[in-house]
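Step one of this worksheet: look at the structure below.
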Amino acid sequence: MDWQAFFLTLRLAGLTTAILLVIAIPLSALLVLGRSRWLAVVEALAALPLVLPPTVLGFFLLVMLGPRTAFGRGIIAVLGHPLAFSFSGLVVGSVIYSLPFAVQPIVAGFSAVEPNLVDAARLLGAGPERLVRTLLVPLAKRSIIAAAVLTFLHTVGEFGVVLMLGGDIPGATRTLSIVLYNQVENFDYAAAYRTAALLLGLSVLALIAIYTTANPRGDFRRSRRA
């Protein structure tokens, strides 16, 4: 087992999840509570990584963050090095690629809050920030947890963006998905089975966590039997 890749993958997934929760909660509130017609464009852009092939997104990020663009040259001037082929670059790519996996569950959770409660809070003088902090977030807590787990899991299994933007640098950009690809390419199927089993185990545990959180006492199943 490549433990260096294992811990780098966990660090990448943890950082991506933390950053996306900070971004996704206010963005989801804007999409649910906002009234501008331009929100459809924002929602489409937030969902774009769902339909865009990961290698295409990785290619665009590689070009945008490299020395060929003014934006990339600006980053190099500030940091002293390009974001491409670095752990920081992987975090940027993972945040963009996993954005819909954080936003969509939270939007669904916020949308499920009873509109009368939102209207009552507004009548009592709650501003947008207080409305989100004291009403939407507590009532959509399970959706936020599901978003965090899905984002973490999606980042753990990410391959296309990681390979295009980060390459395969041990200790810097080599994640478990890259390790699995290398093991299969080298016909080392015993090691590949272990790596794949680890990724499968993480996925199963994450899904159990989601369903346990969403239905802690089996109320839904009992209601169906009734």
Side-chain angles (χ1 to χ4, degrees), residues 4-5 7-107 128-129 132 144 147-148 150-179 181:
Q4 190 179 48
F7 288 114
L8 188 141
T9 302
L10 293 186
R11 187 157 65 98
L12 176 64
L15 269 174
T16 300
T17 303
I19 292 170
L20 272 179
L21 284 181
V22 172
I23 296 172
I25 289 175
L27 178 58
S28 301
L30 177 67
L31 292 175
V32 172
L33 301 175
R35 294 291 180 266
S36 171
R37 60 183 177 179
W38 293 104
L39 288 177
V41 178
V42 176
E43 192 166 15
L45 290 175
L48 185 61
L50 282 177
V51 296
L52 199 62
T55 49
V56 174
L57 179 60
F59 171 73
F60 282 136
L61 288 173
L62 182 64
V63 172
M64 186 181 71
L65 298 176
R68 292 176 180 270
T69 65
F71 182 71
R73 288 193 293 273
I75 290 177
I76 294 172
V78 171
L79 300 179
H81 60 82
L83 278 178
F85 304 108
S86 70
F87 181 78
S88 301
L90 281 191
V91 174
V92 172
S94 297
V95 165
I96 294 173
Y97 187 51
S98 296
L99 180 64
F101 293 85
V103 169
Q104 295 204 351
I106 298 176
V107 166
E129 184 272 336
V132 173
I144 295 172
L150 285 175
T151 301
F152 185 90
L153 199 60
H154 185 254
T155 307
V156 166
E158 197 175 300
F159 178 74
V161 172
V162 170
L163 189 61
M164 290 293 290
L165 187 59
D168 180 14
I169 304 173
T173 64
R174 179 181 289 174
T175 62
L176 282 180
S177 58
I178 302 295
V179 169
Y181 175 80

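These numbers were taken from a predicted model, which means no experiment stands behind them. Heavy atoms only: backbone and side chains are in, while hydrogens, waters and symmetry mates are out.
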Any heavy-atom pair between the side chains of Leu27 and Ile106 that's under 4.5 Å? no
Start with the C-alpha distance between Leu15 and Phe87, add both sets of side-chain angles, then the distance that settles side chain to side chain contact (heavy atoms under 4.5 Å, CB included), and finish with yes or no. CA-CA 11 Å; Leu15 269 174; Phe87 181 78; 3.7 Å; yes
Here the gap from Thr151 atom OG1 to Leu21 atom CG, rounded to the nearest 0.5 Å, amounts to 6.5 Å
Does a side-chain heavy-atom distance below 4.5 Å link Leu20 with Ser98? yes
Given 3.5 Å as the limit, does a donor-acceptor pair link the side chain of Thr9 with the main chain of Leu176, or not? yes
Heavy atoms only: give me the nearest Pro105-Leu150 pair and the separation to one decimal. CG-CD1, 4.1 Å
Can you measure from CE (Met64) to CD1 (Ile75) and round to the nearest 0.5 angstrom? 7.0 Å
Any chance you could measure Leu30, atom CG, to Ile25, atom CD1, to the nearest 0.5 Å? 14.0 Å
The reported gap from OG1 in Thr16 to NE2 in His154 (rounded to nearest 0.5 angstrom) is 11.0 Å
Could you check whether any side-chain heavy atom of Leu83 comes within less than 4.5 Å of a side-chain heavy atom of Ser86, counting everything from C-beta outward? yes
Look up atom CD in Gln104 and atom CG in Leu31, then write down how far apart they are to the nearest 0.5 Å. 10.0 Å
Considering all heavy atoms, the nearest Val103-Ala24 contact: CG2-CB, 4.0 Å
Which is it for Val92 and Leu165 under the side chain to side chain contact (heavy atoms under 4.5 Å, CB included) test, yes or no, and what are the steps along the way? CA-CA 10 Å; Val92 172; Leu165 187 59; 5.6 Å; no
Side-chain contact, heavy-atom cut-off 4.5 Å: Pro54 with Tyr97? yes
With a 4.5 Å heavy-atom cut-off, do Val161 and Ile96 have their side chains touching? no
Using every non-hydrogen atom in the two residues, find where Ser177 and Gly157 come nearest and quote the distance to one decimal. CB-O, 4.2 Å
Close side-chain approach of Leu39 to Ser36, heavy-atom, < 4.5 Å: yes
Under 3.5 Å donor-acceptor, Arg174 side chain and Ala172 backbone: no
Would Thr173 and Val162 satisfy side chain to side chain contact (heavy atoms under 4.5 Å, CB included), going step by step from the backbone distance to the final call? CA-CA 7 Å; Thr173 64; Val162 170; 5.6 Å; no
Heavy-atom side-chain proximity of Ile76 to Pro67 below 4.5 angstrom: yes
Heavy atoms of Gln4 and Pro170 approach each other most closely as OE1-C, 4.0 Å
Looking at CD1 of Ile19 and CG of Leu99, how far apart are the two atoms once the value is rounded to the nearest 0.5 Å? 12.0 Å
Shortest non-hydrogen pair, Val179 vs Ala5, comes out as CG2-CB, 3.5 Å
Close side-chain approach of Phe159 to Ile178, heavy-atom, < 4.5 Å: yes
For atom CZ of Phe85, decide whether the heavy atoms of other residues, nucleotides or ligands shown that lie under 6.0 angstrom number more than 12. yes
Measure across Ala147 and Ala102 and return the closest heavy-atom pair with its distance rounded to 0.1 Å. CB-O, 3.5 Å
